[in-house]
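Everything on this sheet refers to the single structure shown next.
Numbers restart at 1 for each chain; the letters A, B, ... are given by sequence-line order, proteins then strands.
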Protein chains: 2
Amino acid sequence: MLEECKALSNETRLAILDWLKDPAVHFPGAEGADAGVCVGLIQRRAGCSISTISAHLAILQRAGFLRATRRGQWIHYRRDEDRIRAFTERLHRDL
Amino acid sequence: MLEECKALSNETRLAILDWLKDPAVHFPGAEGADAGVCVGLIQRRAGCSISTISAHLAILQRAGFLRATRRGQWIHYRRDEDRIRAFTERLHRDL
DNA sequence: TCGGCATTTCGCTAATTGACGAAATTACGT
DNA sequence: ACGTAATTTCGTCAATTAGCGAAATGCCGA
């Protein structure tokens, strides 16, 4: 619970999760956005450095909120809805 | 949402919320524990300094998770179940 | 193998958070 | 007013987090 709450305690990371709820809307031009969005697009949307975005995505992944899929030189990130739901339910039950 | 997540991103604060779920169990000897638990008892239970506990309680109060009631020189803290529930529901809906 | 591109990791700095002891504030009884 | 107790605030230091640019790593096509 602690790690997840920490992962959510940052504006940019909350925004990333929100954008990835509906990639087609927030990342126009991303082909097959259902399969995830690449780091570069997220970085451009967030407007900060690529290294910072990479670190943010790693934190969200470690917390279980995102899943990464490598396709050649590209890495696509998308939400892990099951784990997100599991977390909110656990919070509801335990908090 | 950010402030609440930050409030929950600390072990001691999570523990305090957990203890205050059932004060009679975690604070034996606290009279009328339903009306809240005083800072001193929480501090003793947490095992850190009184000033640190005071700061933690302030953070939890500002996030809406706790309510404080002053009774003379005593201040009693208890959970604000409505706001806790509202937060977990909002998280469930929005995350 | 090389060059180009995507992404992660590293090293550094600045900001924020956590913890403490001391000082300040609030409340109470004499 | 004074002394005691509860609690908060303040000042300080240490640890953690956030952000950046550069270096390193991984992938691909020629």
Side-chain angles (χ1 to χ4, degrees), chain A residues 1-20 23 27 29-33 35-63 65-78, chain B residues 1-20 23 27 29-33 35-63 65-78:
Chain A
M1 200 188 284
L2 191 58
E3 182 170 24
E4 287 98 333
C5 290
K6 283 185 179 182
L8 297 177
S9 301
N10 173 277
E11 235 182 56
T12 303
R13 290 200 288 275
L14 284 177
I16 289 169
L17 284 172
D18 193 53
W19 298 333
L20 289 179
F27 300 100
E31 303 221 341
V37 181
C38 68
V39 182
L41 284 187
I42 298 172
Q43 179 260 336
R44 227 163 296 153
R45 184 78 174 73
C48 51
S49 77
I50 193 76
S51 57
T52 299
I53 290 298
S54 183
H56 281 320
L57 294 172
I59 288 164
L60 288 169
Q61 189 180 359
R62 201 166 43 244
F65 296 134
L66 295 186
R67 295 236 304 263
T69 314
R70 185 178 263 276
R71 294 198 189 85
Q73 75 183 26
W74 304 84
I75 305 191
H76 292 108
Y77 285 85
R78 67 189 149 108
Chain B
M1 200 188 285
L2 191 57
E3 182 169 24
E4 287 100 333
C5 290
K6 284 186 179 184
L8 297 177
S9 300
N10 174 275
E11 235 181 56
T12 304
R13 290 202 287 274
L14 284 177
I16 288 169
L17 284 172
D18 193 53
W19 298 334
L20 290 180
F27 300 101
E31 303 224 337
V37 181
C38 69
V39 183
L41 283 186
I42 298 172
Q43 180 260 336
R44 228 164 297 155
R45 184 75 173 77
C48 52
S49 77
I50 193 79
S51 55
T52 299
I53 289 298
S54 182
H56 281 320
L57 294 172
I59 289 164
L60 288 170
Q61 188 180 359
R62 200 163 46 244
F65 297 134
L66 294 187
R67 295 236 303 261
T69 315
R70 184 177 266 275
R71 293 198 191 88
Q73 75 181 22
W74 305 85
I75 305 189
H76 291 107
Y77 285 85
R78 64 190 153 108

For A:Ile16 and D:dA18, give me the distance from atom CD1 to atom P, rounded to whole Å. 12 Å

Are any of A:Tyr77's side-chain N or O atoms less than 4.0 Å away from OP1 or OP2 of C:dA6? no

From the set D:dA5, D:dT7, C:dT8, return the single nucleotide nearest to any side-chain atom of B:Gln73. D:dA5

Does a side-chain N or O from A:Arg13 land closer than 4.0 Å to OP1 or OP2 of D:dA18, or not? yes

A:Lys6 side chain, from C-beta outward: closest of D:dT17, D:dG21, D:dT7: D:dT17

Whether the side chain of A:Arg70 engages the backbone of A:Gly72 through a donor-acceptor N/O pair (distance < 3.5 Å, no angle test) should be reported. yes

Counting side-chain heavy atoms from C-beta on, which of C:dT8, D:dA6, C:dA27 comes nearest to B:Arg70? C:dA27

Over how many whole Å does the gap from A:Leu57 atom CG to D:dA18 atom C1' extend? 15 Å

Taking the side chain as every heavy atom from C-beta outward, state whether B:Leu41 and B:Arg45 have any atom pair closer than 4.5 Å. no

Which nucleotide, C:dT7, C:dC20, D:dC20, lies nearest any side-chain atom of A:Cys48? D:dC20

What's the closest nucleotide to the A:Thr52 side chain, out of C:dT7, C:dC20, D:dC20? D:dC20

Tell me which nucleotide among D:dC20, D:dA18, C:dC20 gets nearest to the side chain of A:Asn10. D:dA18

Of the options D:dT7, C:dT8, C:dG18, whose atoms approach the side-chain atoms of A:Ile50 most closely? C:dT8

Between C:dC20, C:dA6, D:dG19, which one does the side chain of A:Trp74 approach most closely? C:dA6

For A:Cys5, does its backbone N or O pair with a side-chain atom of A:Ser9 as donor and acceptor, under 3.5 Å? yes

